[in-house]
Number of protein chains: 2
Amino acid sequence: MVAASTAAADPDALPSWNDGPAKSAIMEFVQATTDKSSPKFVPPAERIATFDQDGTLWVSHPMYAQVVYCLDRVPAVVKSKPELAKVEPFKTVLSGNREAIAKLSMDDLFKILAATLTGMSVEEFRAEAKKWLDTARHPRWKRLHTELTYLPMQELLKYLRANGYKTWIVTGGGQDFVRIYSEQVYGIPPEQVVGTAAGTKYGYDKNGKPFLTKEPKLLLNDNDAGKPEGIHLMIGRRPYAAFGNSTGDRQMLEYTKAGDGARLAMLLLHDDSEREYAYGPAQGLPDTKVGAFTQALYDEAKKQGWVVISIKKDWARIFAFDN
Amino acid sequence: MVAASTAAADPDALPSWNDGPAKSAIMEFVQATTDKSSPKFVPPAERIATFDQDGTLWVSHPMYAQVVYCLDRVPAVVKSKPELAKVEPFKTVLSGNREAIAKLSMDDLFKILAATLTGMSVEEFRAEAKKWLDTARHPRWKRLHTELTYLPMQELLKYLRANGYKTWIVTGGGQDFVRIYSEQVYGIPPEQVVGTAAGTKYGYDKNGKPFLTKEPKLLLNDNDAGKPEGIHLMIGRRPYAAFGNSTGDRQMLEYTKAGDGARLAMLLLHDDSEREYAYGPAQGLPDTKVGAFTQALYDEAKKQGWVVISIKKDWARIFAFDN
């Protein structure tokens with residue numbers, strides 16, 4: 001008990017966070033749920049914290065990393081299936097017209113995703129995507145996507161784990177994609193990643209060796225209501241803490257907050273155009289397709305007692321490479 | 001390293017196992033994969049062991065516990081939907097004719113399952129099923145099903161965990177059902193249970209409070225090829241050790257054994273008619289629908305190097321309540 005309380009109260013746990021309501025809310029939540037004498041004590045086995053990834057743990061602007069990956073894969077896909085070159089949305093992608101590409105719908109992206117992934121074995125996919133992750137760089141920082149994680153969130157992951165919380169990623173992104181780097185980048189093992197998931201098909205190669213092939217059948221669309229549904233499917237317990245940044249996280253935050261006892265729901269507001277990005281109607285700025293943060297979401301946060309994290313005000317540092 | 005080797009070689013780790021090839025195979029596997037100087041060393045993060053449940057961790061004869069649960073629920077379901085009383089398979093279940101009930105097909109059971117579960121919130125289901133588990137008794141031992149776990153397998157779970165293995169249940173049974181008692185009965189948390197899973201639907205009650213309802217849509221049939229597919233979906237890593245007892249576990253054992261390095265695949269043979277049950281063509285006995293152990297499965301075990309566990313020869317004690 002003493003050890004837990006000490007870890008909860010550790011003043012050095014969140015060095016990249018400025019003092020303020022966000023940091024206080026985190027520390028109060030952890031103290032209340034880990035101190036055995038607290039009426040809100042949560043047994044270690046039930047300490048589940050879920051994190052959205054894109055825009056919550058790492059940069060998602062100007063485009064989701066996985067979308068860029070899929071777009072980058074299109075030429076290779078078209079090479080093996082030339083008939084796709086004349087068909088939308090592949091035609092637009094091949095045109096290189098950035099404005100037109102930015103306007104592709106989620107349906108278009110699903111089509112591209114299915115075409116770029118289907119028929120690969122899970123090992124081929126892993127090797128292929130890893131190669132991309134090891135080389136593709138963000139247009140603004142010219143760094144690997146895996147370097148563009150938010151330092152304050154990395155500290156938060158470690159702080160929660162030091163206090164007995166099991167940290168999970170619950171992402172709208174592809175489960176198999178995020179699992180490739182989750183352990184190395186966040187210290188989160190693949191089995192603690194819930195994401196949008198397609199089926200696989202078990203079969204045998206010509207030597208009788210079994211393998212799994214990626215299938216176009218969508219099993220879980222881990223966005224919106226799909227997030228609590230995915231949490232039930234993959235974790236089977238309601239989280240005590242959840243972190244998101246967009247309308248796709250709304251239901252996860254609602255579901256978390258609706259549980260008994262102390263529950264922490266936090267919503268990251270991208271309001272720092274200088275050090276990162278600022279967008280969304282909540283700031284009188286245009287909404288974007290990437291991580292939509294609407295006025296309605298902001299209003300719900302206020303009404304439901306979700307804590308808004310302002311990048312501008314709450315984070316002293318954003319990236320590990322910042323000075 | 002010393003600690004790991006000591007735990008691996010602990011002569012008191014498996015007291016209910018007789019000395020023999022099965023016990024030796026387990027201890028050699030654990031030593032080879034946990035000793036840092038071994039060429040087959042496996043990093044702790046990758047130590048995954050998967051266990052079938054029915055017939056592997058607990059008694060599945062004469063009928064799967066969950067099937068009994070569903071049959072027991074039928075009168076209540078028919079009470080709320082009287083039109084079902086005249087429709088198969090409900091008519092047969094209500095007849096009480098044990099012979100006819102035993103002949104119901106898997107399709108019939110799925111229909112009953114869907115009818116008995118659908119439309120309940122996940123919390124209602126949990127409370128309802130828990131009530132049944134706390135009272136329903138096995139016809140032979142007159143004990144709760146949760147008491148009918150195999151002591152040698154309980155020791156094996158603990159031994160593997162003491163050596164850094166994460167133990168998972170990968171069951172053809174209902175994921176939500178097994179998760180209710182997995183932690184209490186096996187020390188396996190709900191998030192480490194993979195099972196046959198239906199979808200849920202997120203919605204709000206009249207006070208705006210969100211909840212999840214069980215849906216009739218099958219997401220994962222966690223039998224046969226569904227086991228490795230479920231392992232990929234829920235764990236995302238290939239197991240190093242897998243344990244099963246029937247044709248439904250075949251693909252999980254194949255998939256496990258096909259990995260690189262040391263892999264342990266074990267098949268439990270029910271060959272003790274006196275202390276438990278004996279069935280299956282491999283023993284010249286009639287096959288049963290419950291946990292089919294065919295000659296072909298036995299032949300594959302020999303060919304692929306899966307280790308067969310004989311209840312009669314390898315287990316000194318079967319249940320914790322045995323003298």
Side-chain angles (χ1 to χ4, degrees), chain A residues 45-46 48 122-123 126 166 168 175-176 178-180 182-183 187 189-195 197-205 207-215 219-220 224-238 250-259 303-304, chain B residues 45-46 48 122-123 126 166 168 175-176 178-180 182-183 187 189-195 197-205 207-215 219-220 224-238 250-259 303-304:
Chain A
E46 291 172 33
I48 301 282
V122 300
E123 282 83 8
R126 201 176 289 144
K166 228 179 193 178
W168 289 71
Q175 183 168 278
D176 283 351
V178 178
R179 281 177 170 175
I180 295 169
S182 63
E183 188 143 41
E191 60 269 27
Q192 285 165 225
V193 173
V194 180
T200 55
K201 194 175 161 55
Y202 183 82
Y204 305 89
D205 70 13
N207 302 314
K209 195 175 166 169
F211 69 102
L212 293 168
T213 310
K214 285 178 82 71
E215 291 261 294
L219 285 184
L220 173 66
D224 309 313
K227 288 210 174 191
E229 291 162 8
I231 286 169
H232 180 75
L233 177 68
M234 310 279 289
I235 311 180
R237 317 195 200 237
R238 191 193 298 257
R250 196 189 115 206
Q251 289 86 343
M252 174 170 78
L253 296 173
E254 288 173 350
Y255 181 64
T256 299
K257 196 69 183 170
K303 196 177 151 198
Q304 304 283 352
Chain B
E46 291 173 31
I48 301 281
V122 301
E123 282 83 9
R126 200 175 290 141
K166 226 177 193 179
W168 289 70
Q175 184 168 279
D176 282 351
V178 178
R179 281 177 170 174
I180 295 169
S182 63
E183 188 143 42
E191 60 269 28
Q192 285 165 223
V193 174
V194 180
T200 55
K201 195 174 163 56
Y202 183 82
Y204 304 88
D205 70 13
N207 301 314
K209 194 175 166 170
F211 69 103
L212 293 168
T213 310
K214 284 177 83 72
E215 291 261 294
L219 284 185
L220 174 66
D224 308 313
K227 289 211 174 192
E229 290 163 7
I231 287 169
H232 180 74
L233 177 68
M234 310 278 290
I235 311 180
R237 315 196 201 235
R238 192 194 297 257
R250 196 189 116 206
Q251 288 86 342
M252 174 171 76
L253 296 172
E254 287 173 350
Y255 181 65
T256 299
K257 196 69 183 171
K303 197 178 149 199
Q304 304 283 353

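In this text the structure is predicted, and so the values were computed from the model without any measurement. Chain naming here is simple, since letters A, B, ... match the order of the sequence lines and numbering starts at 1 in each.
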Interchain contact, [X] with chain B, by part (heavy-atom threshold 4.5 Å):
X	value
A:Asp224	neither
A:Leu220	neither
A:Leu212	side chain

task: Heavy atoms only: give me the nearest B:Gly187-B:Pro189 pair and the separation to one decimal.
output: O-CD, 3.7 Å

query: Which heavy atom in A:Leu233 sits nearest to a heavy atom in B:Arg179, and how many Å separate them?
result: O-NH2, 2.8 Å

task: Just give me the residue among A:Arg238, A:His232, A:Lys227, A:Lys166 that pairs up with chain B most often, heavy atom to heavy atom, under 4.5 Å.
output: A:His232

Residue, of A:Glu191, A:Met234, A:Glu183, A:Gln175, that accumulates the most heavy atom pairs under 4.5 Å with chain B: A:Glu191

Listed partners of A:Lys257 passing side chain to side chain donor-acceptor pair (under 3.5 Å), at least two apart: none

- prompt: Quick one: side chain to side chain donor-acceptor pair (under 3.5 Å) partners of B:Glu254, sequence neighbours excluded?
  reply: A:Tyr202, A:Tyr204, B:Arg250

- request: Could you have a look at B:Pro190, B:Gly199, B:Pro210 and say which one has the most heavy-atom pairs with chain A under 4.5 angstrom?
  value: B:Pro190

query: Which value, rounded to the nearest 0.5 Å, describes the distance between B:Thr213 atom OG1 and B:Glu123 atom CD?
result: 9.5 Å

